[in-house]
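What follows is a single structure, written as structure tokens, with notes after it.
Sequence lines set the chain letters: A, B, ... in the order given, protein chains first and strands last, and positions in each chain run from 1. All heavy atoms count here, side chains included; hydrogens, waters and symmetry mates do not.
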Protein chains: 2
Amino acid sequence: MARYEHIAGELRDAIVRGDYRIGAQLPTEAELASRFNAARGTVRQAVAVLVAEGLVGTRQGARRIVLGSERSQSFAELHSFAQWARSVGHRAGGLVLDSHRRPSTPSEAVRLAITPGEEVLSVLRLRRLDGEPVLVERTVYAGWIAPAVEKLDPACESVTQELYEAVGLVFAYGEHLIDAVAAGAEDARLLGVRRGSPLLRQRRTTTSQEGRPAECSDDRYRAGSVTFSIRNSTTANSLVRRAGD
Amino acid sequence: MARYEHIAGELRDAIVRGDYRIGAQLPTEAELASRFNAARGTVRQAVAVLVAEGLVGTRQGARRIVLGSERSQSFAELHSFAQWARSVGHRAGGLVLDSHRRPSTPSEAVRLAITPGEEVLSVLRLRRLDGEPVLVERTVYAGWIAPAVEKLDPACESVTQELYEAVGLVFAYGEHLIDAVAAGAEDARLLGVRRGSPLLRQRRTTTSQEGRPAECSDDRYRAGSVTFSIRNSTTANSLVRRAGD
DNA sequence: TGGTCTCGCTTGTTTGTACAAGTTGCTCTA
DNA sequence: TAGAGCAACTTGTACAAACAAGCGAGACCA
């Protein structure tokens, strides 16, 4: 592990453990540098990690302060329903209800950076959390990974993990659009809610390490089952609000 | 403006303008350094900004690639409805429907880091976008800024901006919880939708520069009016999904 | 008492250097 | 031809040094 990652980890542990209460000041860079026997630049790199996580606030001239004490989650936990469920101590289940190849629609072609009409794999999955159905996933996979996806067990728990183990595919970048929609007939039937009841929708496009779009998906969560949380600051944020389309 | 900010701006403009298409490679650090006549460290800092914005992906050993071409928005635009509306070319309106002081509830006291029962200011606002009502805002302000808030014009467009100009208050850090809820009777009446129809809810807590919580709010958007968008990667993300509470 | 000013402290920016580690394409070999 | 392996290239980590800029507290003055 890199030096700065180690220092960041120590500081994060201290904050999560409560050694520094919310609002308290962190030691100065100079003090941290001597404590960890590292250069000031390395310490700055470590602290930058915590700032990006939203745990620490920083202002030129003033000592850094602690803003929160909750460990934030990794990209993998955000992207993979199963890995997220495991990390928060729940059990994830899943079942493929439909899977077929078809030509891509124009909007899918744009999102997957392929030519319109090129064949894609369309999959409908129902996901459960501790046995309760909470999520309907309508995913479209680009043609080049379709064979690997089709080989997966229909009741496969973590698609992300299986794809990594099978063909070494790593999902590295993602874009997520979050809004609220009314449950359609199929949504309502699968999730066991009334038609028109509120669902939290997450439309995402995921890209491989090399920048090649691999899948795009329309995920609908039963209201109350899942909440997205973002921490941001004047110096670091990655959230955007957009006009409805 | 700092050197690295200038370089980041130039690169961002080039990407947004389309000089580098999505999936294309960015110049190497060495080339950028000589082009901008800066040290490699400075260039790295500039590129780090774009990586944090989700515009650029980076992997050790490989050239950096362009992931997106949409300018992401600032903290101010995220936090302030009016500033966001202006930046996307719409007109924001607002009206205070109710404003009164009352003792804080235990959960509010926790979120605002005050003692339970301490007086807070509770405000109900209806926000319009281009004349259409799209957002019901139920905000609770900590006692120490209540006087400044009460002095504001009820039809004030940007509360954030007015508070800055009046008392120099800067909102610097925020936490946001996003989920979907059904419209209550009051929500439905104000937004002109049916009871039980889906709303996108954003619960936020905002903190001043010094780390002092200033307000917490329950904002409900009419479905279809607003979408949140997050870009993330294995190396940088600030989004968290949480189990429903 | 109240405001201002200055000084020390702390974080932000920039440059330079050196080495580590991962990627990519080419070459060589079996 | 397929695979191993090398070599050049590119990004990541770490250190050191110097100056800029903002903050906060105490000193000082009216």
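Looking at residues two or more places apart in sequence or on another chain, you find a side-chain contact (heavy atoms from CB on, under 4.5 Å) between A:Pro116 and A:Ala109. Contacts of B:Tyr173 classified as side-chain hydrogen bond (donor to acceptor under 3.5 Å, both in side chains), with partners at least two apart in sequence or in another chain: none. Under the rule for a side-chain contact (heavy atoms from CB on, under 4.5 Å), the partners of B:Arg59 that lie at least two apart in sequence or sit in another chain are A:Gln209, A:Glu210, B:Ala62. Scanning for side-chain contact (heavy atoms from CB on, under 4.5 Å) contacts around B:Ala39 gives B:Thr42, with sequence neighbours left out. Residues that satisfy the side-chain contact (heavy atoms from CB on, under 4.5 Å) test with A:Arg91, not counting sequence neighbours, are A:Asp130. Residues forming a salt bridge (Lys or Arg N to Asp or Glu O under 4.0 Å) with B:Glu5 (at least two apart in sequence, or on another chain): none.
For residues 147-157 of chain B, every residue pair satisfying the side chain to side chain donor-acceptor pair (under 3.5 Å) rule, not counting sequence neighbours, is listed here: B:Arg101-B:Glu150.
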query = Tell me, for nucleotides 11-20 of chain C in 5' to 3' order, what letter each nucleotide earns: B for a base near a protein heavy atom under 4.0 Å, S for only sugar-phosphate near one, - for neither?
reply = BBBBS--B--

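Comparing the helix axis at one end of the helix from C:dT1-D:dA30 to C:dA30-D:dT1 with that at the other, each defined from 5 consecutive pairs, gives an inter-axis angle of 20° (nearest 10°).
Between the OG1 atom of A:Thr227 and the NE2 atom of B:His176 there is a distance of 14.5 Å, given to the nearest 0.5 Å.
Rounded to whole Å, the distance from CD1 on A:Ile65 to P on C:dT10 is 16 Å.
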